Amino acid sequence: MGVNPQDAIKKLKVLMDQVDHSTRKSFQNVHQGFLIETLDRFLRARDYDVGKAHKMLVDCLKWRVENQIDKILRKPIFPADVYRSVRDSQLVGLSGYSKEGLPIFAIGVGLSTLDKEHVHDYVQSHIQINEYRDRVILPSASKKYGRPITSCVKILDMTGLKLSALGHIKFLTILSTIDDLNYPERTTAYYIVNVPYVFSSCWKVVKPLLHERTRKKVQVLPGCGRDELLKIMDYTSLPHFCKRGSSLSSRSSAHQGGNNCYSSDHFFHQQLYSYIKQQSMINEPTEPIRKGSFHVTLQASASKSKGAAKTVESEFRKYENGISDTLIELEIM
């Protein structure tokens, strides 16, 4: 007999009505007034097993309290040049909205180097964008469209992808763990575009690390994906790297701050940084802003990244052998 989602939601609501005072405010920050939709997200993440969903949600709230996640939008990445450096090497941005009102986030997987600042800065930036999305972007979109909007669309740009990117697998698994355990079912679909030759090797490593429900949301589109993406969004909401007919460097338009959604000059990042600075001054005017003071603990070890090590090594060998074979063929010709 299948599980009735409505019954599961009711049961989980009863359990969550009993949360203690220390986590109640954090729970409010999580659901933002969309309680039923939030309970349903955590239930879907645990196949509507009420007990497992309850544990997942309680663990999430404990993590938020212990790591002061509710205050993270009061903590700018400081000084400003560090924030710019993070933006230049961790490429992500909001390009617009789908025809259904879902925020569209672009991620430059291939050109993100993640090597200019400390890992804590990148983790802080990632969580801040998650929290800004959940507390500001999604509630605003819900108000504009007159219905609950609780998820987004992500477009993953593989321009410039190299097999060496697998060296970031441990860090990316950390971010994936944070999202899976604390921000479940926030993404409706993942569209992968500008796929180079090495993508298949990288995908063999990454795919096993993803939950089955996430893998089902992934679609690899031909070329820059423009024609397919225009079915769900207007041209103005396409990321800059999807507006071209060919796969060119996403950084070629880095100086076009208004068009490049990765840029720290883009309106999304300008609004985000201004919002965080304002919140820091309003809520904690006497507390000095310090760089490197934000650290996050993980609820579970990113052990899957260790299991991927052999696969990474194997794919490197295949790739290197493929290059050697190609060179031999060229020499013969």
Side-chain angles (χ1 to χ4, degrees), residues 85-95 103-117 119 121-123 125-127 129-130 133 152-180 183 186-211 214-226 228-229 238-244 246-254 260-264 266 268-269 302 304-305 308 311-312 315-316 319:
S85 182
V86 169
R87 294 278 61 81
D88 287 343
S89 52
Q90 186 182 35
L91 304 181
V92 60
L94 177 71
S95 68
I104 300 166
F105 284 90
I107 303 173
V109 178
L111 291 172
S112 290
T113 58
L114 305 170
D115 62 352
K116 290 188 176 182
E117 299 300 333
V119 63
D121 293 315
Y122 292 117
V123 172
S125 170
H126 180 80
I127 297 176
I129 291 176
N130 279 356
R133 174 198 64 197
C152 66
V153 171
K154 290 183 179 178
I155 304 177
L156 281 56
D157 177 25
M158 298 295 162
T159 298
L161 183 69
K162 298 178 181 178
L163 205 61
S164 58
L166 292 175
H168 299 311
I169 197 71
K170 184 174 182 179
F171 172 68
L172 295 176
T173 305
I174 289 173
L175 298 186
S176 176
T177 300
I178 289 173
D179 288 352
D180 284 346
Y183 304 94
R186 278 301 196 193
T187 303
T188 299
Y190 299 86
Y191 296 103
I192 298 177
V193 301
N194 295 327
V195 175
Y197 170 74
V198 299
F199 173 75
S200 59
S201 294
C202 293
W203 184 238
K204 287 179 182 178
V205 178
V206 175
K207 188 176 181 180
L209 304 179
L210 302 177
H211 193 281
T214 300
R215 291 199 292 268
K216 290 180 179 179
K217 298 177 183 179
V218 176
Q219 295 185 49
V220 180
L221 303 181
C224 65
R226 180 175 54 192
E228 287 76 11
L229 292 173
L238 283 175
H240 59 281
F241 52 81
C242 291
K243 292 181 178 179
R244 297 183 294 270
S246 61
S247 175
L248 300 175
S249 170
S250 294
R251 284 181 179 165
S252 63
S253 57
N260 184 349
C261 61
Y262 298 151
S263 171
S264 56
H266 188 266
F268 168 70
H269 290 298
K304 287 185 178 181
S305 63
T311 310
V312 172
E315 293 305 319
F316 264 121
Y319 187 63

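What you see is a predicted model; the values in this text were computed from it and never measured.
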Hey, could you give me the CG/CZ distance between Asp180 and Arg186, rounded to the nearest 0.5 Å? 14.0 Å
So, does Ser176 use its side chain to make a donor-acceptor pair with the main chain of Leu172 at under 3.5 Å? no
Start with the C-alpha gap between Phe268 and Val92, add the side-chain angles, then the distance that decides, and say whether side chain to side chain contact (heavy atoms under 4.5 Å, CB included) holds. CA-CA 10 Å; Phe268 168 70; Val92 60; over 6 Å; no
Of Ile192, Ile107, Val198, which meets side chain to side chain contact (heavy atoms under 4.5 Å, CB included) against Met158? Ile192
Taking C-beta and beyond as the side chain, do Cys202 and Leu163 meet within less than 4.5 Å on heavy atoms? yes
Tell me, do Arg87 and Ser125 make a side-chain contact under 4.5 Å, heavy atoms counted? yes
Angle class for the His266/His269 ring planes (parallel below 30°, perpendicular above 60°, tilted otherwise)? perpendicular
Are the side chains of Asp179 and Thr187 in touch, meaning some heavy atoms are under 4.5 Å apart? no
To the nearest 0.5 Å, how far apart are OG1 in Thr173 and CG in Leu210? 9.0 Å
Trp203 and Val218: CA distance, side-chain angles, deciding distance, side chain to side chain contact (heavy atoms under 4.5 Å, CB included) verdict: CA-CA 11 Å; Trp203 184 238; Val218 176; 3.9 Å; yes
Go through Tyr122 and Ser89 one step at a time and tell me if the side-chain hydrogen bond (donor to acceptor under 3.5 Å, both in side chains) criterion holds. CA-CA 9 Å; Tyr122 292 117; Ser89 52; 2.6 Å; yes
Check each of Val153, Leu221, Ile104 against Leu229 using the side chain to side chain contact (heavy atoms under 4.5 Å, CB included) test, and report the only one that passes. Leu221
How about Leu175 and Gln90: do any of their side-chain heavy atoms sit closer than 4.5 Å? yes
When you compare the side chain of Phe199 with that of Val206, does any pair of heavy atoms fall below 4.5 Å? no
Do Glu228 and Gln219 have side-chain heavy atoms sitting under 4.5 Å apart? no
Which atoms form the tightest heavy-atom contact between Cys242 and Arg226, and what is the distance? O-CB, 3.2 Å
State, yes or no, whether a side-chain contact exists between Phe241 and Leu91 at a heavy-atom distance under 4.5 Å. no
Are Ser112 and Tyr262 close enough that a side-chain donor and a side-chain acceptor fall under 3.5 Å? no
Please report the interatomic distance CD1(Ile127) to CZ(Arg133), rounded to the nearest 0.5 Å. 11.5 Å
Heavy atoms, side chains only, cut-off 4.5 Å: are Ile129 and Phe105 in contact? yes
